[in-house]
Asks: 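Starting off with a structure, shown below.
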Amino acid sequence: MAAELIITISGMRGIVGRNLTAAVATEYGCAFGTFLNRNCADNGRSLSVCVGRDSRPSGRMLAEAVADGLCSVGIDVVDLGIVTTPGVGIMTRHLKCAGGVVVTASHNPGEYNGIKLLLDNGIAPPARLAGQIKEAFLTKDFELVDSVSRGRTSQNDRTDAVHIEKVLAIVDKDSIAEAKFKVVLDSVNGAGGRVGVKLLEELGCEVVGVNTEPTGQFAHEPEPTRENLTGLCEEVGRANAAIGFAQDPDADRLAIVDEGGRYIGEEYTLALAAKYVFSRCTGMAAANLSTSRMIDDVAAQAGCEVIRTAVGEANVAEAMIDNGCVIGGEGNGGVIDLRVGPVRDSLVGMALVLGLMTEAGKSISALADEVGCYYMNKVKLKCDSEKIKLVIDRTKERFTGARVDLTDGARFDFADGWLHIRPSNTEPVMRVIAETKTAEATRKYIDTVGGIVKEVLG
Ligand code: MG
């Protein structure tokens, strides 16, 4: 992982004390606030911004520092405390704030933290506006105000309640409650435990909480992948539970473990959630180009279509809003339902999956078997951006019969599956993802690209 401070369209991420300090956070707050004052004039009234944080020990320091920066350019701050990333998006819109800030490094290890920015619609700024914020930060182009005009800070502890109410409204709460599911929830000591347990209890579940205290001392590596969730798998078996859920520290991603303690994984989350939504309504879905074909199959069964977007939550969210999609998200366990908010939301994922289990009257393993019959493989290959273009050109020559989408790197669609090659935004590597119905065919696509990379790099 890169050691330098990374600034992308959704914010910044770095290692606390090395390149991400309180001083950096304050200047980033000044830059974001200056940008908002220039772009969201409200008849001279001062603007406000929600600030929330995940449970990392550095969170309070960085959140206070960002707030200080915002106040020093005249922005009022609503301090939400320890809350989830989707929670900040919801409160930004609920309180009609000009923007939101989440202090989180998402699924990255404990030494990292980050500052994520949201506009008034709850979505990360589009690239052009993100560029303006970055420029203001790098050139220290801040419009500081005097002590009288300084922004004020207030506290708001309503995030969980507002969030839960919105999630309960998208499912049939009473019928889920009748099923009396036993659920194990692993929140990796992040921000999602408290609100996650409360939501599940509202849905009538018997909840076995694992790592649900928001201490920020992550009990295992925080990314909700198979190798990090062996403890959850064991606990589901021990508790004889119907399902296990795992959140990442800011609770926008959700992975699922079945009743037999088998890690189903994150790719299934969106497909299963979509299956429930499509059982109750029709409309379009949106997913990024690296997301499994399971979503296409589920949509097709309902006579619906899927819009594919570039990788990145904001791209999916914008496509959903533009096309009025009823469901969307990313294959990393990120489910978006616009009725709750345009942000990936593990609470939405949990409620929709429990809704599906209730409605179908089937176990989660049976439902997963129904939607899943694919083998996906992801690899990361060292290759700089100039060479990646060459790799893509040669891959096109190799697969002349494929349908090619160049929205984000290159995605090749074949009769038996697909292959996506895309450069990383933050490191000199390319990601190669393939999916077909057999492990062998998937491996073949990956190996073909691996061979082309070797040729290109000499
Ligand atoms: Mg996250």
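As the structure lists them, so they are numbered: ligands from 1, and atoms in each ligand from 1.
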Asks: Just checking, is any N or O donor in the side chain of Tyr268 or Asp258 under 3.5 Å from an acceptor N or O on the other one?
Replies: no
Asks: Are the side chains of Glu318 and Ile321 in contact, using a 4.5 Å heavy-atom criterion?
Replies: no
Asks: Charged N to carboxylate O under 4.0 angstrom, Asp345 versus Arg339?
Replies: no
Asks: Between the side chains of Asp405 and Arg308, is the shortest nitrogen-to-carboxylate-oxygen separation below 4.0 Å, so that they form an ion pair?
Replies: no
Asks: Which pairs count as salt bridge (Lys or Arg N to Asp or Glu O under 4.0 Å) when at least one residue sits in residues 112-135, sequence neighbours excluded?
Replies: Lys116-Glu313
Asks: Please step through side chain to side chain contact (heavy atoms under 4.5 Å, CB included) for the pair Val432 and Tyr445, ending with a clear verdict.
Replies: CA-CA 9 Å; Val432 184; Tyr445 284 122; over 6 Å; no
Asks: Under 2.8 Å from the Mg ion (ligand 1), which protein atoms of type N, O or S occur, listed by chain and number?
Replies: Ser106 OG, Asp248 OD2, Asp250 OD1, Asp252 OD1
